[in-house]
J.: 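Here it is, the structure, as structure tokens.
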Number of protein chains: 2
Amino acid sequence: MDTTWAHQLREAGLRVTRPRLSVLGVLADHPHADAETIVNGAREQHPSLSPQAVYGVLKAFVAAGIARRIEPAGAPALFELRVGDNHHHLVCRSCGAVADVDCTVGAAPCLIPSDTAGFVIDEAEVVFWGLCRQCQDRARQVAAGAEAVQYEQQEIRGGARA
Amino acid sequence: MDTTWAHQLREAGLRVTRPRLSVLGVLADHPHADAETIVNGAREQHPSLSPQAVYGVLKAFVAAGIARRIEPAGAPALFELRVGDNHHHLVCRSCGAVADVDCTVGAAPCLIPSDTAGFVIDEAEVVFWGLCRQCQDRARQVAAGAEAVQYEQQEIRGGARA
DNA sequence: ACCCTTTTCTTGACTGGGTCAAGAAAAGGA
DNA sequence: TCCTTTTCTTGACCCAGTCAAGAAAAGGGT
């Protein structure tokens with residue numbers, strides 16, 4: 001698979017280097033990784049790798065079109081190898097988890113506004129904001145916990161004890 | 001109109017202060033202003049206003065629901081008073097200009113993905129990326145200029161001169 | 001296999017956009 | 001008016017990322 005990635009890099013007109021292969025590896029394992037995750041992951045194969053090198057690698061990937069950068073509001077940028085299919089993203093407001101959503105159209109721009117205000121549009125970026133399953137569960141537990149606490153406090157205030 | 005804004009602030013449960021009124025004024029004049037623009041604008045009415053005060057005011061506005069914060073990738077955050085109608089944005093890739101697009105649905109989330117991956121979705125944020133009219137014109141001019149230069153160079157290379 | 005040019009990585013300084021914290025000032029209800 | 005609470009000022013600090021200069025590595029030509 002290193003071979004495959006080396007091939008991909010050459011196809012994209014990029015030299016094949018260890019930092020680049022490591023970053024590709026991390027990106028394959030973590031489909032929506034931020035720079036920090038990538039640095040940590042890549043260091044397993046290349047311990048001396050610097051953050052700046054990773055920023056450089058990622059910028060080269062994005063410029064070459066083999067990676068895409070997404071920037072959900074309020075979070076560091078994320079990078080993904082899935083490119084060219086104009087898919088969209090679900091983002092968890094609570095934990096920041098990201099999931100892909102296939103675009104039903106598949107080609108950019110998949111949506112066109114009624115009034116373009118004179119703009120020429122080349123892409124419609126869609127972010128669906130919500131709560132991932134884990135965070136829904138956690139919220140339910142917290143709510144239940146709060147209820148229990150309320151109940152206890154009521155009992156204590158009332159003076160009754162089981 | 002100061003009166004109106006004061007009223008709006010009170011409605012939102014916020015105290016009426018000069019910094020807040022100034023920021024509201026700037027936001028009314030610049031419907032998609034970044035923090036710096038707001039600081040500069042607000043200082044016309046309140047010269048000693050600090051950037052931190054503006055950040056605080058904006059945070060209070062967003063928390064109170066009288067302003068909305070948008071963060072187009074690669075640009076500082078923008079603030080707008082138009083709130084609660086779930087509209088979307090056109091953003092110019094070249095100059096960063098922003099225009100509003102009415103949402104045909106009007107209530108969030110206006111879009112729902114086919115596969116929610118277990119997420120509960122409360123909002124679909126849509127950003128249309130493109131080129132505003134000015135930047136289209138400028139791009140055309142540059143292209144025309146580049147052609148002219150190419151032509152000259154060809155003539156020079158070929159040795160011919162008019 | 002080796003050299004040479006070009007690209008890439010390392011190191012380290014620096015920036016932009018913003019947050020956090022403590023005390024001073026102002027808002028507005030009793 | 002006084003008093004409490006909120007808000008603003010001042011200044012330190014932080015995160016994510018960029019810029020620049022030199023060292024190292026890639027890979028084409030011989």
Side-chain angles (χ1 to χ4, degrees), chain A residues 2-3 5-26 32-43 45-64 66-79 96, chain B residues 2-3 5-26 32-40 42-43 45-64 66-67 69-79 96:
Chain A
D2 260 29
T3 324
W5 286 333
H7 195 75
Q8 267 219 283
L9 288 172
R10 285 206 191 81
E11 291 259 296
L14 296 173
R15 290 188 177 178
V16 177
T17 69
R18 196 136 64 90
R20 286 174 179 175
L21 293 172
S22 311
V23 170
L24 278 178
V26 177
H32 304 101
D34 61 13
E36 195 191 349
T37 303
I38 295 169
V39 170
N40 293 339
R43 278 183 172 159
Q45 290 174 57
H46 188 152
S48 69
L49 190 64
S50 67
Q52 286 74 356
V54 169
Y55 284 117
V57 167
L58 291 170
K59 190 178 276 195
F61 284 5
V62 171
I66 63 176
R68 183 174 160 203
R69 176 188 188 126
I70 60 176
E71 301 185 37
L78 304 177
F79 296 86
Chain B
D2 258 31
T3 323
W5 286 333
H7 196 74
Q8 265 219 284
L9 288 171
R10 284 206 193 82
E11 291 260 295
L14 296 173
R15 289 189 177 175
V16 177
T17 69
R18 196 135 65 90
R20 286 175 179 173
L21 292 172
S22 310
V23 169
L24 277 178
V26 177
H32 303 102
D34 61 13
E36 195 191 348
T37 303
I38 295 170
V39 171
N40 293 338
R43 278 184 173 159
Q45 290 173 54
H46 188 152
S48 68
L49 191 64
S50 67
Q52 286 75 355
V54 170
Y55 284 117
V57 167
L58 291 170
K59 191 177 278 194
F61 284 4
V62 171
I66 64 176
R69 176 188 187 125
I70 60 176
E71 300 184 39
L78 305 177
F79 297 86

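To find a chain, count down the sequence lines: A is the first, B the second, and so on, and within it residues start at 1.
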J.: Just how far, in rounded Å, is P of C:dT8 from CG of A:Leu21?
T.: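 Between P of C:dT8 and CG of A:Leu21: 13 Å.
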
J.: Among the nucleotides D:dA16, C:dC9, D:dT9, which one has an atom lying closest to any side-chain atom of B:Ala53?
T.: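 The answer is D:dT9, which lies nearest to the side chain.
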
J.: Look up atom CG in B:Leu14 and atom CZ in B:Phe61, then write down how far apart they are to the nearest 0.5 Å.
T.: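 Those atoms lie 7.0 Å apart.
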
J.: Looking at A:Arg69, I'd like to know whether one of its side-chain N or O atoms comes within less than 4.0 Å of OP1 or OP2 on D:dG17.
T.: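 Yes, such a contact exists.
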
J.: Check this one for me: any side-chain N or O of A:His46 less than 4.0 Å away from OP1 or OP2 of D:dA25?
T.: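 Answer is no, no contact under 4.0 Å.
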
J.: For the pair made of CD in A:Gln52 and C1' in D:dA16, what is the distance, rounded to whole Å?
T.: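 After rounding, the gap between these two atoms is 11 Å.
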
J.: Taking five pairs at each end, how big is the angle between the two axes of the helix from C:dA1-D:dT30 to C:dA30-D:dT1, to 10°?
T.: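 Taking the rotation axis at each end, their angle is 30°.
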
J.: Measure from CG on A:Leu49 to C1' on C:dT8 and round the result to the nearest Å.
T.: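 In whole Å, C:dT8 C1' and A:Leu49 CG are 12 Å from each other.
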
J.: Please work out if B:Ala60 contacts a base, only the sugar-phosphate, or nothing of the nucleic acid, heavy-atom cut-off 4.0 Å.
T.: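 Contact class for B:Ala60: none.
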
J.: What is the distance, to the nearest angstrom, from the CZ atom on B:Arg20 to the P atom on D:dT9?
T.: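 After rounding, the gap between these two atoms is 12 Å.
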
J.: Reading DNA chain C from 5' onward, which residue's closest nucleotide shows up sooner: B:Phe79 or B:Arg18?
T.: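 Nearest nucleotide further toward 5': that of B:Phe79.
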
J.: Identify, between B:Leu14 and A:Pro76, the residue whose nearest nucleotide on DNA chain D lies closer to the 5' end.
T.: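 Mapping each residue to its closest nucleotide by heavy atoms, the 5'-most match is B:Leu14.
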
J.: Select one nucleotide: of C:dT8, C:dC9, C:dT10, the one nearest the side-chain heavy atoms of A:Ser50.
T.: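 That would be C:dT10.
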
J.: Find the distance A:Arg10:CZ to D:dA26:P and express it as a whole number of Å.
T.: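 The answer, rounded to whole Å, is 11 Å.
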
J.: Pick the closest DNA chain C nucleotide for B:Glu71 and for A:Gly13 by heavy atoms, then say which residue is nearer the 5' end.
T.: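 Mapping each residue to its closest nucleotide by heavy atoms, the 5'-most match is A:Gly13.
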
J.: Where is the tightest heavy-atom contact between B:Ala77 and B:Glu71, given as atom of each residue plus distance?
T.: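 It is CB-CG, 4.0 Å.
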
J.: With side chains defined as the heavy atoms from C-beta onward, is the minimum distance between B:Val57 and B:Ile38 less than 4.5 Å?
T.: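 No; the side chains remain at least 4.5 Å from each other.
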
J.: For the pair made of CG in B:Leu9 and P in D:dC8, what is the distance, rounded to whole Å?
T.: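 My rounded result for the distance is 10 Å.
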
J.: How long is the span from the CZ atom in A:Phe79 to the CD1 atom in A:Ile66, to the nearest 0.5 Å?
T.: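 Reported value, rounded in 0.5 Å steps: 12.5 Å.
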
J.: Could you tell me whether the side chains of A:Asn40 and A:Thr37 share a donor-acceptor contact shorter than 3.5 Å?
T.: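 A:Thr37 and A:Asn40 do not have a side-chain donor-acceptor pair below 3.5 Å.
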
J.: Measure from CG on A:Leu58 to C1' on D:dT18 and round the result to the nearest Å.
T.: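 Taking CG of A:Leu58 and C1' of D:dT18, I get 14 Å after rounding.
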
J.: Measuring from A:Arg68:CZ to A:Leu78:CG, what's the distance to the nearest 0.5 Å?
T.: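 Answer rounded to 0.5 Å: 11.0 Å.
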
J.: Answer yes or no: side-chain N or O of B:Arg15 and base N or O of D:dT5 forming a donor-acceptor pair under 3.5 Å.
T.: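 Such a pair is found, so the answer is yes.
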
J.: With a 3.5 Å distance limit and no angle check, can you tell me whether A:Arg18 reaches the backbone of A:Gln45 through a side-chain donor-acceptor pair?
T.: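 Confirmed, A:Arg18 side chain pairs with A:Gln45 backbone.
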
J.: Rounded to whole angstrom units, what separation is found between the CG atom of A:Leu78 and the C1' atom of D:dG17?
T.: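 A:Leu78 atom CG is separated from D:dG17 atom C1' by 14 Å.
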
J.: With a cut-off of less than 4.0 Å, is there a side-chain N or O of B:Thr17 near OP1 or OP2 of D:dC8?
T.: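 Looking at the OP1 and OP2 atoms of D:dC8, one of them is under 4.0 Å from a side-chain N or O of B:Thr17.
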
J.: Is any side-chain heavy atom of A:Trp5 closer than 4.5 Å to one of A:Arg20?
T.: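 Side-chain contact under 4.5 Å: no.
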
